[in-house]
Student: 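Right, I'll just put the structure down here and ask away after.
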Amino acid sequence: MLDINLIRQSPDDVIAMLHKRQMGGDAGKVHELLDIDRSRKEMVQRTDDLKALRNRVSKEIADIKRTGQGSAEELISQMKTVSDQISVLDAELAVLDTGMEELLLTLPNRLHESVPEGRSAEDNVLYKGPVEFSHDLGFTLKNHLELGRSLGILDFERGAKVSGAGFPVYVGKGARLERALINFMLDTHTSNHGYTEVFPPFLVNQDSLRGTGQWPKFADQVYHMPEDGLYAIPTAEVPVTNLHRAEMLDAEKLPIAYVAYSACFRREAGSYGKDTRGFLRVHQFNKVEMVRFTRPEESYDALEQILSHAEAILCALKIPYRVITLCGGDISANAAKCYDIEVWSPAEDRYLEASSVSNFEDYQARRSNIRFKPDGKSKPEFVHTLNGSGLATSRLMVSLLEHYQTADGRITVPEVLRPYTGFDVIG
RNA sequence: GGAGGAUUAGCCUAAUUGGUAAGGCAGCAGUCUUGAAAACUGCCGGGUUUGCGCCCAUGGGGGUUCGAGUCCCUCAUCCUCCGCCA
């Protein structure tokens with residue numbers, strides 16, 4: 001959520017940001033907000049005056065009753081009228097407040113100045129790489145679906161029977177490999193990168209979705225259990241960031257760094273037909289997510305650190321990748337700056353997004369009311385929140401299986417995973 | 001699922017038959033001190049205002065009342081007990 005003061009003071013900057021995000025159509029919202037803000041201010045003034053009157057006279061009534069001198073009847077009946085007026089005005093005010101809140105919640109975050117201009121994914125800018133690792137792939141490659149089927153380690157068909165398309169099943173050494181990947185990533189981030197491990201709930205309430213910005217803008221992408229008011233998490237970012245919702249964090253404890261494994265659930269509504277094969281687009285996948293809470297002045301250093309932590313995993317696994325900076329037209333509404341890490345898929349002959357590393361600045365913190373006191377006397381400030389996948393296993397598994405396949409159709413397990421799998425080869 | 005109790009500021013704790021949130025700790029600044037501690041003084045929830053001030057704020061949301069921390073309804077969370085259950 002944007003600071004209303006920012007919109008009051010520099011509405012033109014906000015509108016310029018909307019244009020950079022290719023959301024110029026929303027510029028009207030800024031003017032609408034300013035209009036509501038103005039009439040709200042007038043109305044607050046009127047109700048405050050009436051409330052001041054009521055408070056003052058109520059004290060007079062109390063005095064009259066206490067001393068028993070004179071009658072309060074006349075004053076009480078006057079205040080009855082005043083209270084009725086206040087009720088009416090308060091109700092109107094509530095309408096304005098709700099309208100403002102709804103508008104504010106739908107406005108996207110500010111953009112960091114380093115975010116490149118651009119209309120779509122095609123305008124994203126290469127930031128790092130490509131980082132190459134040599135693999136002996138001088139034969140006709142199988143894609144991950146063919147490998148998964150022939151080796152009996154992935155079963156998309158039965159997943160579709162049990163749940164529906166996009167719910168993959170890992171079997172035997174495939175299941176073990178998936179678990180090995182998750183454990184390897186968690187261990188690396190906790191042991192080498194200083195993160196505290198969290199195992200969060202996979203179902204959250206609506207306040208949590210609102211806090212991280214998935215609600216209301218991306219409500220249609222989230223699985224919903226209406227009877228209990230719960231939502232399946234699309235990423236561990238939601239429960240982990242919301243751990244500290246409405247908290248005053250101890251300034252000495254910052255920065256806070258969590259890493260969490262979770263299953264992630266996404267409806268992927270409206271994306272039928274593209275990238276639907278196998279792991280390329282699924283409704284449930286596994287992801288290890290890093291989440292950071294920092295002082296505002298440290299958040300852009302933290303962004304680079306999280307990126308390097310995710311890269312460390314790919315380097316250890318020797319999986320080729322590149323890093324791109326998302327342009328204004330492609331970056332998500334919640335992020336102020338975002339890098340995507342894309343892994344190379346030799347069978348698909350293209351890069352696949354495997355990680356997204358974002359700085360949300362104070363956008364989520366303001367929505368979720370996560371603050372700290374920089375020092376004893378100053379006012380509470382919002383922290384900056386960041387997160388990055390480190391990484392999602394589905395697209396990573398595509399690239400891993402393809403790179404580590406052998407000419408005779410087997411899979412060599414990457415060196416660093418062998419302590420976790422207990423075997424060196426699949427097939 | 002049922003019964004009872006609890007929720008007050010960063011933390012801890014008060015508030016007559018309903019009369020408009022009192023203190024303490026921690027923290028910050030100052031006085032004092034070679035320095036520190038102690039002591040003393042001030043600040044110490046949010047909004048608005050140049051300022052005085054005014055408004056809001058007792059877990060969330062409603063209601064009764066001139067006036068609600070206090071009474072009523074409802075929801076959430078925690079504790080105790082009962083029931084059910086892996």
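Chain A is the first sequence line, chain B the second, and so forth, proteins listed ahead of strands; every chain is numbered from 1.
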Student: For A:Gly118, does its backbone N or O pair with a side-chain atom of A:Gln22 as donor and acceptor, under 3.5 Å?
Tutor: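 Pair found, side chain donor or acceptor close to backbone of A:Gly118.
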
Student: How far, in whole Å, is B:C78 from B:U8 if one measures between their P atoms?
Tutor: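 Nearest-Å result for B:U8 against B:C78 at atom P: 15 Å.
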
Student: CZ of A:Arg371 versus C1' of B:G45: gap in Å, rounded?
Tutor: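 Distance, rounded to whole Å: 8 Å.
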
Student: Rounded to whole Å, how long is the line connecting atom CG of A:Leu53 with atom P of B:G67?
Tutor: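 Taking atom P of B:G67 as the reference, CG of A:Leu53 is at 12 Å.
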
Student: Please pick, from B:G10, B:C56, B:C66, the nucleotide with the shortest atom-to-atom distance to any side-chain atom of A:Lys80.
Tutor: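 Given the options B:G10, B:C56, B:C66, the side chain of A:Lys80 is closest to B:C66.
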
Student: Grab the CG-P distance between A:Asn369 and B:G59 for me, whole Å please.
Tutor: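 In whole Å, B:G59 P and A:Asn369 CG are 17 Å from each other.
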
Student: Please tell me which of the listed nucleotides, B:C66, B:G10, B:C55, lies nearest to the side chain of A:Met79?
Tutor: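 Looking only at heavy atoms from C-beta outward on A:Met79, the closest nucleotide is B:C66.
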
Student: Separation of A:Asp49 atom CG from B:C56 atom P, in whole Å?
Tutor: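 The answer, rounded to whole Å, is 12 Å.
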
Student: On the 0 to 90° scale, with breaks at 30° and 60°, tag the A:His224-A:Tyr231 ring pair as parallel, tilted or perpendicular.
Tutor: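 A:His224 and A:Tyr231: parallel rings.
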
Student: Verify, without hydrogens or angle tests, whether A:Ser83 (side chain) and A:Lys80 (backbone) share a donor-acceptor contact under 3.5 angstrom.
Tutor: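 Judged by distance alone, no pair lies under 3.5 Å.
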
Student: What is the distance, rounded to the nearest whole Å, between atom CG of A:Asp84 and atom P of B:G63?
Tutor: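 Checked: the CG to P distance equals 12 Å.
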
Student: Judged by each residue's nearest nucleotide on RNA chain B, which is more toward the 5′ side, A:Lys59 or A:Met248?
Tutor: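 The 5'-side residue here is A:Met248.
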
Student: Does a side-chain N or O of A:Ser83 approach OP1 or OP2 of B:G67 to a distance below 4.0 Å, or not?
Tutor: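 Yes.
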
Student: Looking at the side chain of A:Ala62, which of B:G19, B:U48, B:G10 is the nearest nucleotide?
Tutor: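 Given the options B:G19, B:U48, B:G10, the side chain of A:Ala62 is closest to B:G19.
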
Student: Say you pick atom P in B:G2 and the same atom in B:G83; how far apart are they, in whole Å?
Tutor: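 Nearest-Å result for B:G2 against B:G83 at atom P: 16 Å.
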
Student: I want to confirm an ordering. Mapping A:Asn55 and A:Gln45 to their closest nucleotides on RNA chain B, which one lands closer to the 5' end?
Tutor: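 Per heavy-atom nearest nucleotide, the more 5' residue is A:Gln45.
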
Student: Give a yes or no answer on whether the side chain of A:Asn55 reaches the backbone of A:Ala52 with a donor-acceptor pair at less than 3.5 Å.
Tutor: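 No: the side chain of A:Asn55 does not pair with the backbone of A:Ala52.
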
Student: Whole angstrom is fine here: how far is it from CG in A:Asp97 over to P in B:G46?
Tutor: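 My rounded result for the distance is 19 Å.
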
Student: When we call it a touch if two heavy atoms are under 4.0 Å apart, what does A:Leu75 touch: a base, just sugar-phosphate, or nothing?
Tutor: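 Result for A:Leu75 = nothing.
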
Student: Quick one: A:Glu42 CD to B:U48 P, roughly how many Å, whole number?
Tutor: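 The distance from CD of A:Glu42 to P of B:U48 comes to 17 Å, rounded to the nearest Å.
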
Student: On a whole-Å scale, what distance lies between the P atoms belonging to B:A38 and B:U50?
Tutor: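 Looking at atom P only, B:A38 and B:U50 are 40 Å apart.
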
Student: Between B:C25 and B:C73, how far apart are the two P atoms, rounded to whole Å?
Tutor: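 These two P atoms come out 39 Å apart once rounded.
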
Student: Any idea which of B:U20, B:C54, B:G10 is nearest the A:Ser58 side chain?
Tutor: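 Among the listed nucleotides, the one closest to the side chain of A:Ser58 is B:U20.
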
Student: Against A:Tyr258, only a single residue in A:His244, A:His193, A:His189 fulfils ring pair (Phe, Tyr, Trp, His ring centres under 6.0 Å); can you say which?
Tutor: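 Option passing the ring pair (Phe, Tyr, Trp, His ring centres under 6.0 Å) with A:Tyr258: A:His244.
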
Student: Quick one: do A:Asp35 and A:Arg38 make a salt bridge, cutoff under 4.0 Å?
Tutor: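 Salt bridge flag = yes for A:Arg38 with A:Asp35.
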
Student: Are A:Lys173 and A:Phe423 in a cation-pi setup, meaning NZ or CZ lies under 6.0 angstrom from the ring centre and within 45 degrees of the ring axis?
Tutor: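 Yes - A:Lys173 lies over the ring of A:Phe423, closer than 6.0 Å to its centre and within 45° of its axis.
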
Student: Would you measure the distance from the C1' atom in B:G46 across to the matching atom in B:A9 and give it in whole Å?
Tutor: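 To the nearest whole Å, 11 Å.
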
Student: Where does RNA chain B form stems of at least three consecutive Watson-Crick or G-U wobble pairs, each pair having both distances below 3.5 Å?
Tutor: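 As far as RNA chain B goes, consecutive pairing (with distances under 3.5 Å) yields the stems B:1-7 with B:76-82, B:10-12 with B:23-25, B:27-31 with B:39-43, B:45-48 with B:53-56, B:59-63 with B:71-75.
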
Student: Keeping A:Ser368 on the side-chain end and A:Gly211 on the backbone end, is there a donor-acceptor pair under 3.5 Å?
Tutor: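 Yes, the answer is positive, given that a donor and an acceptor are paired below the 3.5 Å cut-off.
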
Student: In this structure, are over 12 heavy atoms from other groups packed under 6.0 Å from A:Arg110 atom CZ?
Tutor: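 Counting other residues, nucleotides and ligands, CZ of A:Arg110 stays at 12 neighbours or fewer.
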
Student: Nearest to the side chain of A:Ile61, which nucleotide is it out of B:G19, B:U48, B:C54?
Tutor: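 Output: B:G19.
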
Student: How far does the C1' atom of B:G18 sit from the matching atom of B:G67, given to the nearest Å?
Tutor: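 Here B:G18 and B:G67 have their C1' atoms 8 Å from each other.
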
Student: Can you tell which of B:C54, B:C56, B:U48 lies closest to the side chain of A:Lys51?
Tutor: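 From the listed options, B:C56 comes nearest.
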
Student: Suppose you measure atom P in B:G51 against the same atom in B:C44; what distance do you get, rounded to whole Å?
Tutor: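 One P to the other, the span is 14 Å.
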
Student: Say we look at B:G63 and B:A3: how far apart would their P atoms be, to the nearest angstrom?
Tutor: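 It comes out at 26 Å once rounded to the nearest Å.
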
